[in-house]
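Step one of this worksheet: look at the structure below.
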Amino acid sequence: MNIKTIFRLIVLFVLISCQKDDDTTSEVSTVLVQNIEIQGADITSGVNGQMASKVTPDNATDKSVSWKVSDATVADISATGLITAKKNGTITVTATANDKSTAVATKVINITSFSTTPVADYEVSTVTELNTALGKVKAGETIVLNGGTYAMTSKITITTSGTSDKVITLKAKDLASRPKFDFSAMAEASSNQGIVLKANYWHFKGIDIYNAGDNGMQITGSNNIIEFMTFSECADSGLQLDNGAANNTILNCDSYFNADATLENADGFACKLNAGTGNKFIGCRAWQNLDDGWDGYLRGTDNISTTYQNCWAVKNGYLKDGNKGAGDGNGFKTGGSDDKLLKHNAKYTNCIAAGNVADGFDHNSNRGEVTIYNCSAYDNGRNYSFSSSNPLAKLIIKNSNVLGAYGTTLADVVDSANNSWQNGITVTADDFNSIDYTQLLGPRKADGSLPDVTFFHLKSDSDMINKGVDVGLLFNGALPDIGAFEF
């Protein structure tokens with residue numbers, strides 16, 4: 001090999017080595033994104049919100065990202081991270097690094113800037129305006145009531161129905177300034193109800209019904225929601241479901257001080273006589289009604305089912321002035337009938353009967369099936385009263401407690417387990433943070449839910465904690481506690 005060839009090979013080797021060094025230098029000089037942090041806040045006003053990306057390391061070669069949102073029906077996002085909201089909702093914002101890394105970040109953004117107040121089809125302030133609106137309202141429409149007293153001279157009968165997807169709404173415009181329907185001008189008479197709801201798919205909310213000549217409200221329609229209402233000082237049951245009324249939900253309502261001249265019929269709530277099935281009471285209270293807190297007496301129908309969840313019956317049988325009346329004075333009357341044969345199936349969960357003149361939970365010749373889970377009774381004439389006379393077909397009672405004598409729990413079939421009077425448990429006042437049931441009559445929360453109380457809440461050393469059995473209700477700890485309140 002001559003000198004010239006050797007020289008050429010040396011030059012070629014040097015050139016190749018330099019090219020490799022250039023490539024290595026190029027690769028080392030590119031710094032990839034390792035992490036992305038999205039900066040930005042929820043959109044609580046207006047329609048825009050700016051998102052920003054903070055990438056690390058600081059010396060990343062390409063710090064740009066691409067933006068996207070999880071739901072384009074709620075909001076859009078621009079290439080620069082500007083969100084444009086379309087409606088209330090929640091979106092997940094994603095930022096993806098544009099370099100060859102795999103860095104991705106997400107952030108959840110809540111949009112609450114759009115008004116949630118539904119547009120009212122009718123806004124009324126007088127009885128005349130209300131009657132006009134009720135005569136015109138159609139399925140899917142809303143009537144809002146301004147606050148104040150509406151002096152009624154005759155009952156309101158509603159026959160126009162909504163549909164399952166187009167409910168008709170009648171509600172207070174402002175729950176802090178509630179409308180009051182005052183029926184004081186009406187005489188006491190069996191035909192002088194305050195409101196008769198013969199229609200289906202209505203939603204009533206935030207109205208006080210006062211001093212009707214019979215029921216404050218009588219419901220004969222189905223699939224209605226009655227929410228955050230009060231019924232007081234009426235001459236029969238504050239709210240009554242009958243004549244086939246089915247699948248209605250009575251939510252967060254109060255009925256109190258109802259009393260009739262016959263001293264017989266004025267209950268707080270009544271799902272009775274010829275009512276239909278599937279009605280629910282949730283978060284309701286009945287107190288100081290002349291007769292019963294709840295009455296399930298039947299006449300003209302059989303084998304219906306009603307449910308009660310988180311309902312409180314307090315001091316029924318006492319009048320507004322605190323004196324005992326001449327009514328029955330039960331908290332929850334599960335059923336009964338003239339012939340003592342009819343079946344009113346009832347299920348009570350997390351309900352309380354306290355201070356009622358007669359029975360807290362009452363049998364009254366009901367021949368159906370009654371289920372009682374996690375209920376509490378205290379200071380009633382008899383706390384639980386289910387006798388062998390015209391007995392229930394079946395009584396299921398579990399996880400329930402009482403302070404004092406529990407009463408009688410008899411039926412053709414009894415499934416009784418893990419109650420405070422079983423398994424060697426001893427109950428005293430020291431088991432509870434409070435036994436003052438006047439707490440149960442405190443003001444409701446702004447949304448209509450029941451007040452927070454300490455009544456019958458278990459102390460940490462109570463032997464009723466974790467002594468229940470799982471019946472499908474939510475609980476803390478290893479097992480459910482006994483009574484209406486979970487520790």
Report yes or no: does Thr408 contribute a side-chain atom to a donor-acceptor pair with the main-chain N or O of Leu410 at less than 3.5 Å? no
Short N-O contact, Lys398 and Asp415, less than 4.0 angstrom: yes
Between Asp42 and Thr44, is any side-chain donor less than 3.5 angstrom from a side-chain acceptor? no
Heavy atoms, side chains only, cut-off 4.5 Å: are Phe269 and Asn289 in contact? no
Do the non-hydrogen side-chain atoms of Phe386 and Ile372 ever get within less than 4.5 Å of each other? yes
Set out, in order, the CA-CA distance, both residues' side-chain angles and the distance that settles side chain to side chain contact (heavy atoms under 4.5 Å, CB included) for Asp254 and Arg444, then state yes or no. CA-CA 10 Å; Asp254 290 337; Arg444 287 182 176 270; 2.8 Å; yes
Is it true that a side-chain atom of Gln439 and a backbone atom of Thr454 form a donor plus acceptor pair closer than 3.5 Å? yes
Can you check whether Tyr348 and Tyr308 have ring centres sitting under 6.0 Å from each other? yes
Can you see which heavy atom on Ala411 is nearest to which on Pro391, and at what distance? CA-CB, 4.1 Å
Heavy-atom check, side chain of Lys86 versus side chain of Ile111, under 4.5 Å: no
Check: Phe455 main-chain N/O paired with Asp436 side-chain donor or acceptor under 3.5 Å: no
Heavy atoms of Cys271 and Ala275 approach each other most closely as SG-CB, 3.9 Å
Parallel, tilted or perpendicular for Phe361 and Phe332, by the 30°/60° rule? parallel
Please say whether more than 12 non-hydrogen atoms of neighbouring residues, nucleotides or ligands are located less than 6.0 Å from NZ in Lys166. no
Does the side chain of Asn401 come under 3.5 Å of the side chain of Tyr406 through a donor N or O and an acceptor N or O? no
Side-chain contact test, heavy atoms from C-beta onward, threshold under 4.5 Å: evaluate it for Asn399 versus Phe475 and give yes or no. no
Would you please say whether a donor-acceptor pair under 3.5 Å links the side chains of Asn356 and Asn316? yes
Measure across Trp294 and Ala313 and return the closest heavy-atom pair with its distance rounded to 0.1 Å. CZ3-CB, 3.9 Å
Side chains of Asn390 and Ser365, donor plus acceptor under 3.5 Å: no
Applying side chain to side chain donor-acceptor pair (under 3.5 Å) to Ser222 and Asn247, what does each step give before you reach the verdict? CA-CA 6 Å; Ser222 299; Asn247 300 313; 5.8 Å; no
Distance, nearest 0.5 Å, that separates CG of Leu290 from NZ of Lys324: 13.0 Å
Those residues that, when tested against Lys272, pass salt bridge (Lys or Arg N to Asp or Glu O under 4.0 Å) (two or more places apart): Asp267, Asp295
Within a strict 4.5 Å, meaning less than it, do heavy atoms of the Ile207 and Tyr150 side chains meet? no
Quick test of your reading: applying salt bridge (charged side-chain N to carboxylate O under 4.0 Å, His left out), list the pairs with at least one residue in residues 191-202, sequence neighbours left out, ordered by first then second residue. none
Is there a donor-acceptor contact under 3.5 Å from the side chain of Asp214 to the main chain of Ala235? no
Would you call Asp236 and Gln218 a side-chain contact if the rule is heavy atoms closer than 4.5 Å? no
Could you check Thr169 against Lys205 for side chain to side chain contact (heavy atoms under 4.5 Å, CB included), going step by step and ending with a plain yes or no? CA-CA 8 Å; Thr169 301; Lys205 185 174 182 179; over 6 Å; no
Are any side-chain N or O atoms of Arg285 and backbone N or O atoms of Leu440, one a donor and one an acceptor, separated by less than 3.5 Å? yes
Side-chain donor/acceptor of Asn248 to backbone N/O of Asn224, under 3.5 Å: yes
Over all atoms of both residues, closest heavy-atom pair of Gln193 and Met186: O-CE, 3.4 Å
Can you check whether Thr90's main-chain N or O pairs, donor with acceptor, with Asp71's side chain at less than 3.5 Å? no
When you compare the side chain of Asn419 with that of Tyr384, does any pair of heavy atoms fall below 4.5 Å? no
Strictly by modelled atom types, are Asn146 and Ser125 linked by a side-chain donor-acceptor pair under 3.5 Å? yes
Between CG of Asp302 and OG of Ser337, what distance do you get to the nearest 0.5 Å? 8.0 Å
Given Lys445 and Asp452, is the salt bridge (Lys or Arg N to Asp or Glu O under 4.0 Å) satisfied, shown in steps? CA-CA 9 Å; Lys445 297 178 183 178; Asp452 293 325; 3.0 Å; yes
Any carboxylate oxygen within less than 4.0 angstrom of a Lys/Arg side-chain nitrogen, looking at Arg382 and Asp362? no
Name the residue from Ile435, Asn433, Ile352 that meets the side-chain contact (heavy atoms from CB on, under 4.5 Å) definition with Phe456. Ile435
Using distance alone, with no hydrogens and no angle criterion, decide if Asn374 and Asn350 have a side-chain donor and acceptor under 3.5 Å apart. no
Spacing of Asn258 atom CG and Cys234 atom SG [to the nearest 0.5 Å]: 5.0 Å
Which heavy atom in Ala286 sits nearest to a heavy atom in Gly268, and how many Å separate them? CB-CA, 4.3 Å
Decide side chain to side chain contact (heavy atoms under 4.5 Å, CB included) for Ile219 and Leu239; before the verdict, give the C-alpha distance in whole Å, the side-chain angles of both, and the deciding distance to 0.1 Å. CA-CA 8 Å; Ile219 301 174; Leu239 179 142; 4.2 Å; yes
Below 4.0 angstrom, N of the basic side chain to O of the carboxylate: do Lys394 and Glu369 qualify? no
Ring geometry between His457 and Phe485 (parallel below 30°, tilted from 30 to 60°, perpendicular above 60°): parallel
Given 3.5 Å as the limit, does a donor-acceptor pair link the side chain of Ser237 with the main chain of Asn265, or not? yes
Considering only heavy atoms from C-beta outward, does the side chain of Leu197 approach that of Phe204 to under 4.5 Å? yes
Rounded distance (nearest 0.5 Å) linking atom NZ of Lys343 with atom OG of Ser305: 11.0 Å
Minimum heavy-atom distance Lys136-Glu141, with the two atoms named: O-OE1, 4.1 Å
Can you check side chain to side chain contact (heavy atoms under 4.5 Å, CB included) on Leu170 and Leu145, steps first, answer last? CA-CA 8 Å; Leu170 176 64; Leu145 296 156; 3.9 Å; yes
Straight-line distance of Trp287 CH2 to Lys315 NZ, nearest 0.5 Å: 12.0 Å
Are any side-chain N or O atoms of Arg367 and backbone N or O atoms of Lys340, one a donor and one an acceptor, separated by less than 3.5 Å? yes
Any donor-acceptor pair under 3.5 Å linking the side chain of Asn330 with the backbone of Asp292? no
d(Thr112 OG1, Ile43 CD1) to nearest 0.5 Å is 9.0 Å
